[in-house]
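Bear in mind the structure is a predicted one, so any value in this text is a computation, not a measurement.
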Amino acid sequence: MIAKKVAQANKLAVDNGVEYLVNILESEAPELLQKREKQVKRVGLPELVNAEPGKVVLRFAPNPNGPLSFGHARGIIINGDYAKEYDGELILRFDDTDTTVKPPLLEAYQSIQQEAEWLLGFTPHRVIIASDRIDTYYAHVEIMLDGGFGYVCQCTGDEFRTYRVGMKNCPCRINTVNDNRQLWQQMLDGSFAPGEAVVRVKTDMTLKNPALRDWPALRIQDTITNPHPRVSIGSKYRVWPLLDFQSAVEDHLQGVTHIIRGKDLMDSTRKQKLLYQHFGWSYPETMYWGRVKVHEWGGFSTSQMRKDIEHGKYLGWEDPRLPTIAGLSGTGIQATALRNFWKELGVTQKDIAVPLATLYSHNIKIVDDDAPRIAFVRDPVKLTIEGFDEADVAVPTHPNNAELGDRIIDVSSGVVYVERSDLVNKSLRLKEFGDFEISGTTATFVSKERTDKRKIIHWVSQSTSDDGTLIQVLNDEICHINGRLESHSLSLNTPVQLERIGYGVISADNKVVFTHD
RNA sequence: GCUCGUGUGGUGUAGCCAGGUCCAUCAUUGCGGGUUUUCAUCCCGUCGACCCGGGUUCGAAUCCCGGCACGAGCACCA
């Protein structure tokens, strides 16, 4: 019955067009006509669940084992943007609890804060350093041991792995509170070497997910051989929390309401939720994003970059070939471009690979309206001007932005430079100057106005240009391209556009670093 | 192996939870054209996608089941 009616309606729609039905509805039952707009793309980041404006606390927690990379920018930008949008707070937390595998780098504590601020456009509301908080973590270990939901385990890694896959309890699991208390003191006082004892969170060895079975919370590190790089910490502690424990406790202590992180940490969330249950705490809302690769770079690991720099493969963290924030900003990528880029990708759990062209297009949108045009002549050839009497020519600094005014170029010397490769044509127009006929090394003035469709090239006057260098990465090599750079009074780090070449950034009086086409 | 997650044009992304004007959004890239004294910017046009197979339903990108593919976790790294 209903089916028949619907079929009838559908047929009407096909025969008479949807308009017809809409009209009937409008006259007979207007309340059924729910306005559903044509599809619109959602703008901005998705809403946070359970978020009360003014009470949202988020955090970004890098290991300071190097300065920030392109990938870290996502964490800062997304978390920071939510904090801003919800009038909440962003915590910058240094998770520097490993002194052996990924040891922290002293300089990174400073540089990360600066880079974070550059990326965000504001200063993180709180800064926490995990290595300052070890005593607090110890206090929570003691609660855990006393509460019977943690124990000191003396099994080797291999032994425990066998228990984990076999879903069997390890012998240490039945330690009494007193046993654990005593063993804990022994961990602290140096009776155990690294690997001889760990503190575990007691969950359940029969849990479906093997990752969650009695997971390790703290371990011993040889901080005599590998002292913590912060002098105030150095060799002070032997027992260090692992990420899952440290992060869980700290998030609770700081009142974090929302955690947004990589989906590789999904099991971390599950482990931490089990710990929160033991403590009687409630876990923050969590969101995840997938892994990002950039076509041109592949993946990027801080540890690998650090090795390559130490081996001299790269100049340093700010090397323009490196996907670090320092490298990117040094080549003229703007913080706003990075922000827009990451916000556009959002927080999907898909693993993706994006082309650099996407980032570049964001950067062009930020930079182009205000980037002064400036000429750089590669492989310069000196030409003598004939038949032009005026002392100078005025060239607009920006073709679409008159506010930037004109560049007055003195040509009274009668000598200009042009690019050698442009000289395959003998009839040329020097941009904003005039039409010329080239013969040997003389350029004879023809007309100020355009007389034909001859090719337009860029040029510099000898007296208003200097020897300069364009620094450009080509095939993973840093190339220093010498030429003549138009004289300018632009300050350092000004984004410019080299006419007919591409965008760049002033890196010294006579040096420009190439950004992109 | 166990566990978890993801699959929309070349690349990203919206829509999916609350099935119907979704012959699927927006951006980027490619291609074509226009403006322009830059091979830039800007503008216009155009190509191009719901992983596969079943099921539920009058109707499925959207719900269910099963495959397949890819990724991650199972570290005394973060």
* To do: Would you indicate what A/I352 reaches in the nucleic acid, counting non-hydrogen atoms under 4.0 angstrom: base, sugar-phosphate, or nothing?
  => sugar-phosphate
* Do A/W459 and A/Y417 have ring centroids that are under 6.0 Å from one another? -> no
* Hey, does A/R373 reach any base, or is it just sugar-phosphate, or nothing, if we go heavy atoms under 4.0 Å? -> base
* If you measure from the P atom in B/C44 to the same atom in B/A61, how many Å do you get, rounded? -> 31 Å
* To do: Go ahead and name the base partner of B/A60; Watson-Crick or wobble counts if both distances stay under 3.5 Å, otherwise write none.
  => none
* Would you kindly check whether a donor in the side chain of A/Q497 faces an acceptor in the base of B/U38, or vice versa, at under 3.5 angstrom? => yes
* To do: Using the test ring-ring contact (aromatic ring centres under 6.0 Å, His included), find all partners of A/W317 that sit at least two apart in sequence or belong to another chain.
  => none
* To do: Return the set of residues passing side-chain hydrogen bond (donor to acceptor under 3.5 Å, both in side chains) with A/E419 (not counting sequence neighbours), or none when no residue passes.
  => A/R378, A/H458
* Asked: Between A/D95, A/D251, A/N79, which is the residue that forms a side-chain hydrogen bond (donor to acceptor under 3.5 Å, both in side chains) with A/R59?
  -> A/D251
* Please tell me which of the listed nucleotides, B/U6, B/G5, B/A40, lies nearest to the side chain of A/M266? => B/G5
* To do: Just compare B/A72, B/U38, B/G7 and give me whichever is closest to any side-chain atom of A/E499.
  => B/U38
* Whole-Å C1' distance, B/U21 and B/G5 -> 35 Å
* Gap in Å between the two C1' atoms, one belonging to B/G67 and one to B/U29, rounded -> 33 Å
* Using 30° and 60° as the class limits, which term best fits the ring planes of A/Y109 and A/F94: parallel, tilted or perpendicular? -> tilted
* NZ/NE/NH1/NH2 to OD/OE distance under 4.0 Å, A/K343 and A/D81 -> yes
* Would you indicate what A/G157 reaches in the nucleic acid, counting non-hydrogen atoms under 4.0 angstrom: base, sugar-phosphate, or nothing? => base
All N/O pairs under 3.5 Å across the protein-nucleotides 26-35 of chain B interface:
{"from": "B/U28", "atom 1": "OP1", "to": "A/K365", "atom 2": "NZ", "distance (Å)": "2.8"}

* Asked: Reckon A/C153 touches a base, only the sugar-phosphate, or nothing at all at heavy-atom distances under 4.0 Å?
  -> nothing
* Asked: Looking at the side chain of A/P399, which of B/A40, B/G12, B/U37 is the nearest nucleotide?
  -> B/A40
* To the nearest Å, give me how far apart CG (A/L243) and C1' (B/C74) are. => 15 Å
* A/K208 vs B/C4: side-chain N/O to OP1/OP2 distance below 4.0 Å -> yes
* Please check if the distance between the ring centroids of A/Y237 and A/Y137 is under 6.0 Å. => no
* Listed nucleotide nearest any side-chain atom of A/D264, set B/U37, B/U11, B/G73 -> B/G73
* Return the nearest nucleotide to the side chain of A/R500; candidates are B/U6, B/U38, B/G73. => B/U38
* **Nearest-angstrom distance, P atom, B/C17 to B/C22** => 16 Å
* Could you state the atom-to-atom distance from CD of A/Q246 to C1' of B/C76 in whole Å? => 16 Å
* Send over the distance from A/L274 CG to B/U3 C1', rounded to a whole Å. => 13 Å
* Nearest to the side chain of A/I364, which nucleotide is it out of B/U41, B/U13, B/A40? -> B/U41
* Can you check whether A/K350 has a side-chain N or O nearer than 4.0 Å to OP1 or OP2 of B/U8? -> yes
* To do: May I ask which nucleotide in the shown strands pairs with B/G66, Watson-Crick or G-U wobble, both distances under 3.5 Å?
  => B/C52
* Partners meeting side-chain hydrogen bond (donor to acceptor under 3.5 Å, both in side chains) with A/R173 (sequence neighbours left out) -> A/D214
* **Given B/A40, B/U3, B/U38, the nucleotide with the shortest approach to the side chain of A/I456** => B/U38
* Asked: Checking all strands, does A/L265 fall into the base, sugar-phosphate, or nothing category for heavy-atom contacts under 4.0 angstrom?
  -> base
* To do: Determine whether any donor atom in the side chain of A/R291 lies under 3.5 Å from an acceptor atom in the base of B/A72, or the reverse, and answer yes or no.
  => no
* Asked: With rounding to whole Å, what would you report as the distance between B/G34 and B/G71 at their C1' atoms?
  -> 45 Å
* Euclidean distance for P, B/A72 against B/G20 (whole angstrom) -> 35 Å
* With sugar-phosphate meaning primed atoms plus P, OP1 and OP2, does A/R42 contact a base, only sugar-phosphate, or nothing at under 4.0 Å between heavy atoms? -> sugar-phosphate
* **Residue list, salt bridge (Lys or Arg N to Asp or Glu O under 4.0 Å) with A/D189, at least two apart or on another chain** => none
* Selection from B/U6, B/C77, B/C74 that lies nearest to any side-chain heavy atom of A/R219 -> B/C77
* Asked: Can you find a side chain N or O atom of A/S268 that sits less than 4.0 Å from OP1 or OP2 on B/A78?
  -> no
* To do: Look at A/K293 and B/U11 and indicate whether a side-chain polar atom (N or O) is within less than 4.0 Å of OP1 or OP2.
  => no
* Any-strand Watson-Crick or G-U partner of B/C17, both distances under 3.5 Å -> none
* Structure fact -> Paired to B/G1 by Watson-Crick or G-U wobble criteria (both distances under 3.5 Å) is B/C74
* To do: Assign A/F160 to base, sugar-phosphate, or nothing according to its heavy-atom contacts below 4.0 angstrom with the strands shown.
  => nothing
* Structure fact -> pair_partner(B/C26), Watson-Crick or wobble, both distances < 3.5 Å, evaluates to B/G12
* To do: Have a look at A/T97 and say if it touches a base, only the backbone sugar-phosphate, or nothing, with a 4.0 Å heavy-atom cut-off.
  => sugar-phosphate
* Side-chain heavy atoms of A/V446 within contact of A/R429, under 4.5 Å -> no
* To do: May I ask you to say what A/A61 touches in the nucleic acid, namely base, sugar-phosphate or nothing, with a heavy-atom cut-off under 4.0 Å?
  => nothing
* To do: Quick one: label A/T302 by what it contacts on the DNA or RNA (base, sugar-phosphate, nothing), any heavy atom closer than 4.0 Å.
  => nothing
* C1' atoms of B/G9 and B/C51, separation to the nearest Å -> 14 Å
* Asked: What integer number of Å spans the C1' atoms of B/G12 and B/G48?
  -> 14 Å
* Tell me the partner of B/C42, counting only Watson-Crick (N1-N3 plus N6-O4 or O6-N4) or G-U wobble (N1-O2 and O6-N3) with both under 3.5 Å; none if nothing fits. => B/G34
* Asked: In chain order, what residues pass the ring-ring contact (aromatic ring centres under 6.0 Å, His included) check against A/Y283, with sequence neighbours excluded?
  -> A/Y276
* Structure fact -> From the candidates B/G5, B/U41, B/U37, the one with an atom nearest any side-chain atom of A/N400 is B/U41
* Pairwise 5' ranking along RNA chain B for A/P194 and A/H295, keeping only the more 5' one -> A/H295
* Which of the following nucleotides, B/C74, B/U41, B/A78, is nearest to the side chain of A/A211? -> B/C74
* Asked: NA contact type, A/K102, heavy-atom cut-off 4.0 Å: base, sugar-phosphate, or nothing?
  -> base
* To do: Give one of base, sugar-phosphate or nothing for A/G346, where a contact means two heavy atoms less than 4.0 Å apart.
  => nothing
* To do: Kindly indicate, with the supporting measurements, whether the criterion side chain to side chain donor-acceptor pair (under 3.5 Å) is fulfilled by A/T286 and A/R261.
  => CA-CA 8 Å; A/T286 47; A/R261 57 184 174 195; over 6 Å; no
* B/U37 base / A/R450 side chain donor-acceptor hit below 3.5 Å -> no
